[in-house]
Chemist: 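Can you keep this structure in mind? I'll have questions shortly.
The figures here come from the full heavy-atom set of this structure, side chains too, leaving out hydrogens, waters and symmetry mates.
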Amino acid sequence: MVDSLRAAVVGTGLIGGSILLRLRERGVDVAGWDPDAATRAEGRARGIDFPDALADAVRDRDVVFLCGPLSSLPETLRTVGGLTGTDCVLTDVGSTKGGIAAYAAGHGLTGRFVPGHPMAGTERAGLTAASPALFDGAAWVLCPTAAGLDRFRTLAALLVDVFGARIVPLDPDAHDAAAALASHLPHLLAGTLAATVAEADLRDAALGLAAGSFRDGTRVVGTPAARTVDMLLNNRDQVLAQLDRVRGLLDRYAAGLRGGDAAALADLQQRARGLRLALLDRELPAAAPRTFPRALPPGAAADGAEPDGELAYLLSLGAAGGYLTGCAVTDATVTYAAHLPAAPG
């Protein structure tokens, strides 16, 4: 697949640039495009194909990664969809999936567009911060649909092969709910902690005492503010719902402190510690491979519907905290290699 693949990356900041560099490192014929002329010049200085015109970058490509700012992705999807052939697989890297999935459905692109979100990054930005190793072992969400299942298979195999990623198949709404907890809420809490210290009378004294807990707790505040705000607003309902839960827990901590209730405080901290240990000790052993018939693409035959069993398997795997490490497709079958969390105890 890699030897004959022709790819393009639209938007070459930290994430897009890292995708571009990894594809190039693996010998893929890849072109980049960015709306910023200086970024295009930087790419060309590195010996990468960086046309000035978007149409030239995506023409005759097999797969295009859409990696611009989150709010720009729907329009970019529409534009690139019109500039590429119907066999071209389109995917994005945005940190919310419900909106872009709905946009694709409304514009007849569900059959060729696979919403995606690699769970990797740093607080830095731009092509100069990009690294081809950014996604090694990272979870990479893909949102399969019945109409686009064949494109999902192609993309999943590519991401495992080229990026060494762990593919997490999820429904777009399930992704947004989980991402609010695992990614978006931590940005808000980190911002709250840093802003509290910034406004304190003893700001400088606190910074003088700051050690690992403060550094770790505020690391993601280094992310450009515009990127964080874009992410939060695009997942507003889910983030607000989780903020309500945070307020409730803070109220319980406050009540414990006011009442001198050591037992209540210890219970809260012990539950939190248990979650942290579960994260650090999490084991996901290999599950038995699953094989499904590879149905004909929709429209190829009157009964050429995609297999519901395969889609249900994929979505349940991701919802259970599992991931794919392989996707092997033949003319008749598709076989998935997967890992699932070990049963407690």
Chemist: Give the minimum heavy-atom separation between Ala57 and Ala31, together with the two atoms involved.
Modeler: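 Reported closest heavy-atom pair: O-CB, 3.7 Å.
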Chemist: Taking the side chain as every heavy atom from C-beta outward, state whether His107 and Leu77 have any pair of such atoms under 4.5 Å apart.
Modeler: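 His107 does not reach Leu77 side chain to side chain.
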Chemist: Start with the C-alpha gap between Trp33 and Phe50, add the side-chain angles, then the distance that decides, and say whether ring pair (Phe, Tyr, Trp, His ring centres under 6.0 Å) holds.
Modeler: CA-CA 6 Å; Trp33 186 85; Phe50 255 89; 9.1 Å; no
Chemist: Would you call Phe292 and Thr333 a side-chain contact if the rule is heavy atoms closer than 4.5 Å?
Modeler: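 Contact flag for Phe292/Thr333 side chains = no.
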Chemist: Quick one: pull up CD1 in Ile15 and CG in Leu134 and give me the separation to the nearest 0.5 Å.
Modeler: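 The CG atom of Leu134 is 5.0 Å from CD1 of Ile15, to the nearest 0.5 Å.
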Chemist: Drop me the distance from Leu20's CG to Ile48's CD1, to the nearest 0.5 angstrom.
Modeler: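 Atom-to-atom, Leu20:CG and Ile48:CD1 are 4.5 Å apart.
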Chemist: Cluster question for you: counting only ILVMFWY and a side-chain heavy-atom cut-off of under 4.5 Å, with indirect links fine, are Leu155 and Val80 together?
Modeler: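 Unlinked, Leu155 and Val80 end up in two clusters.
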Chemist: Which residues satisfy the salt bridge (charged side-chain N to carboxylate O under 4.0 Å, His left out) test with Arg166, sequence neighbours excluded?
Modeler: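 With neighbours one apart ignored, the set is empty.
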Chemist: Determine yes or no for a side-chain-to-main-chain donor-acceptor pair under 3.5 angstrom, with Asp62 supplying the side chain and Leu5 the backbone.
Modeler: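 Not at all, since once roles are kept as given, no pair shorter than 3.5 Å links the two residues.
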Chemist: Check for a donor-acceptor pair, side chain of Ser72 on one end and backbone N or O of Pro69 on the other, with a separation under 3.5 Å.
Modeler: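 Yes; at least one donor-acceptor contact below 3.5 Å.
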Chemist: Look only at the side chain of His175 and the backbone of Asp171, and say whether a donor-acceptor pair between them is shorter than 3.5 Å.
Modeler: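 No, His175 side chain to Asp171 backbone: no donor-acceptor pair under 3.5 Å.
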Chemist: Look up atom SG in Cys327 and atom CG in Asp161, then write down how far apart they are to the nearest 0.5 Å.
Modeler: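 So the SG of Cys327 and the CG of Asp161 are separated by 11.5 Å.
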Chemist: Could you check whether any side-chain N or O of Arg294 sits under 3.5 Å from a backbone N or O of Ala332, counting only pairs where one atom can act as donor and the other as acceptor?
Modeler: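 It does not hold such a pair.
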Chemist: Do the side chain of Lys97 and the main chain of Asp173 share a donor and acceptor less than 3.5 angstrom apart?
Modeler: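 Judged by distance alone, no pair lies under 3.5 Å.
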Chemist: So, the side chain of Thr192 versus the backbone of Leu188: is there a donor-acceptor pair under 3.5 Å, distance only?
Modeler: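 Pair found, side chain donor or acceptor close to backbone of Leu188.
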Chemist: According to a 4.5 Å side-chain heavy-atom criterion applied to Ile, Leu, Val, Met, Phe, Trp and Tyr, with indirect links allowed, do Leu142 and Val334 form part of one hydrophobic cluster?
Modeler: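 Same hydrophobic cluster.
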Chemist: First locate atom CZ of Arg26, then atom CG of Leu158, and finally report the distance between them rounded to the nearest 0.5 Å.
Modeler: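 Result: 9.5 Å between the selected atoms.
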Chemist: In this structure, would Val64 and Val89 fall into the same cluster of hydrophobic residues linked by side-chain contacts under 4.5 Å?
Modeler: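 No, separate clusters.
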Chemist: Run Arg151 and Thr91 through side-chain hydrogen bond (donor to acceptor under 3.5 Å, both in side chains) and show every step you take.
Modeler: CA-CA 10 Å; Arg151 306 305 173 87; Thr91 188; over 6 Å; no
Chemist: Is there side-chain contact between Phe152 and Pro169, with at least one heavy-atom pair below 4.5 Å?
Modeler: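 Yes, side chains in contact.
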Chemist: Can you confirm whether Arg44 is buried at CZ, in the sense that more than 12 heavy atoms of other residues, nucleotides or ligands lie under 6.0 Å from that atom?
Modeler: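 Yes, enclosed.
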Chemist: Are Leu324 and Leu314 side-chain neighbours, meaning at least one heavy-atom pair lies under 4.5 Å?
Modeler: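 SC-SC contact between Leu324 and Leu314 confirmed.
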Chemist: Tell me the closest heavy-atom pair linking Pro51 and Asp56, and the distance in Å.
Modeler: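 Pro51 and Asp56 have their closest heavy atoms at CB-CB, 3.7 Å.
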Chemist: Is any side-chain heavy atom of Val28 closer than 4.5 Å to a side-chain heavy atom of Arg24?
Modeler: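 Contact flag for Val28/Arg24 side chains = no.
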Chemist: Is it the case that one hydrophobic cluster holds both Leu240 and Leu232, taking links as side-chain heavy atoms less than 4.5 Å apart, direct or via other members?
Modeler: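 Result: yes, single cluster for both.
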Chemist: Determine the sole option in Thr79, Leu66, Ile100, Asp92 for which the side-chain contact (heavy atoms from CB on, under 4.5 Å) test with Pro74 is passed.
Modeler: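 Only one of Thr79, Leu66, Ile100, Asp92 forms a side-chain contact (heavy atoms from CB on, under 4.5 Å) with Pro74, namely Ile100.
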Chemist: Which heavy atom of Ala182 sits nearest a heavy atom of Pro186, and at what distance?
Modeler: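 That would be O-CG, 3.5 Å.
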Chemist: What's the spacing between Leu170 CG and His117 NE2 if we round to 0.5 Å?
Modeler: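 The distance works out to 11.5 Å.
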Chemist: Could I get the full list of side-chain hydrogen bond (donor to acceptor under 3.5 Å, both in side chains) partners for Asp230, not counting sequence neighbours?
Modeler: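 Ser71, Asn234.
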Chemist: Do Trp140 and Val160 pass the side chain to side chain contact (heavy atoms under 4.5 Å, CB included) test, and can you show the C-alpha distance, the side-chain angles, and the key distance before you say yes or no?
Modeler: CA-CA 9 Å; Trp140 196 313; Val160 169; over 6 Å; no
Chemist: At their closest point, which heavy atom of Ala287 faces which heavy atom of Leu340, and how far apart are they?
Modeler: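 Heavy atoms only, the tightest pair is CB-CD1, 4.3 Å.
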Chemist: Is Leu73 reachable from Phe65 through a run of hydrophobic residues whose side-chain heavy atoms are each under 4.5 Å from the next?
Modeler: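 Looking at the clustering, Leu73 is in a separate group from Phe65.
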Chemist: Run the side chain to side chain contact (heavy atoms under 4.5 Å, CB included) check on Met231 and His187 step by step: do they pass?
Modeler: CA-CA 10 Å; Met231 171 182 71; His187 277 79; 3.6 Å; yes
Chemist: Side chains of Leu317 and Tyr323: closer than 4.5 Å at any heavy-atom pair?
Modeler: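 Leu317 does not reach Tyr323 side chain to side chain.
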Chemist: Go through the steps for Gln242 and Val239 under the test side chain to side chain contact (heavy atoms under 4.5 Å, CB included), then give the verdict.
Modeler: CA-CA 5 Å; Gln242 300 311 326; Val239 174; 5.9 Å; no
Chemist: Are there more than 12 heavy atoms of other residues, nucleotides or ligands under 6.0 Å from atom CG of Leu250?
Modeler: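 Yes, because the 6.0 Å sphere around CG of Leu250 holds more than 12 heavy atoms from other groups.
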Chemist: Does the Thr223 side chain pair with the main chain of Val220, one donor and one acceptor, at a distance under 3.5 Å?
Modeler: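 Answer holds: yes.
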Chemist: Heavy-atom count check: over 12 atoms from other residues, nucleotides or ligands less than 6.0 Å from Asp201 CG?
Modeler: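 Result for CG/Asp201: open.
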Chemist: Would you call Gln238 and Thr96 a side-chain contact if the rule is heavy atoms closer than 4.5 Å?
Modeler: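 Result no, sub-4.5 Å side-chain heavy-atom pair not found.
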Chemist: Can you tell me if Thr218 uses its side chain to pair, donor with acceptor, with the backbone of Val221 under 3.5 Å?
Modeler: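 Pair absent, no side-chain N/O of Thr218 close to backbone of Val221.
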Chemist: Of all heavy-atom pairs between Gly11 and Cys67, which one has the smallest distance, and what is that distance?
Modeler: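 Minimum heavy-atom separation between Gly11 and Cys67: O-CB, 3.2 Å.
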Chemist: What's the separation between atom OH in Tyr103 and atom CZ in Phe113, rounded to the nearest 0.5 Å?
Modeler: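 Spacing of OH (Tyr103) from CZ (Phe113) equals 11.0 Å.
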Chemist: Tell me whether Arg6 contacts the main-chain N or O of Asp29 through its side chain, where contact means a donor paired with an acceptor under 3.5 Å.
Modeler: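 Side chain of Arg6 to backbone of Asp29, a donor-acceptor pair under 3.5 Å: no, none is there.
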Chemist: Is the backbone of Val162 close enough, under 3.5 Å, to the side chain of Arg22 for a donor and an acceptor to pair up by distance?
Modeler: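 Yes, because the side chain of Arg22 sits within donor-acceptor range (under 3.5 Å) of the backbone of Val162.
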Chemist: Would Asp34 and Thr12 count as a side-chain hydrogen bond (donor to acceptor under 3.5 Å, both in side chains) here? Give the steps.
Modeler: CA-CA 6 Å; Asp34 196 277; Thr12 52; 3.2 Å; yes
Chemist: State, to 0.1 Å, how close Ala179 and Ser95 come at their nearest heavy-atom pair, and which atoms those are.
Modeler: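 That would be CB-O, 4.2 Å.
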Chemist: Distance to the ring centre below 6.0 angstrom and angle to the axis at most 45 degrees; does that hold for Arg290 and Tyr336?
Modeler: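 Because its charged atom misses either the 6.0 Å distance or the 45° angle limit, Arg290 does not stack over Tyr336.
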Chemist: I want to check something: taking the side chain as every heavy atom from C-beta on, are Arg219 and Asp216 in contact at a cut-off of under 4.5 Å?
Modeler: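 The answer is no; the side chains never approach within 4.5 Å.
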Chemist: I would like to know whether Phe214 and Val197 meet side chain to side chain contact (heavy atoms under 4.5 Å, CB included); could you show each step before the answer?
Modeler: CA-CA 10 Å; Phe214 186 81; Val197 173; 3.6 Å; yes
Chemist: Is the number of heavy atoms from other residues, nucleotides or ligands within 6.0 Å of CZ (Arg236) greater than 12?
Modeler: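 No, the 6.0 Å shell around CZ holds no more than 12 heavy atoms from other groups.
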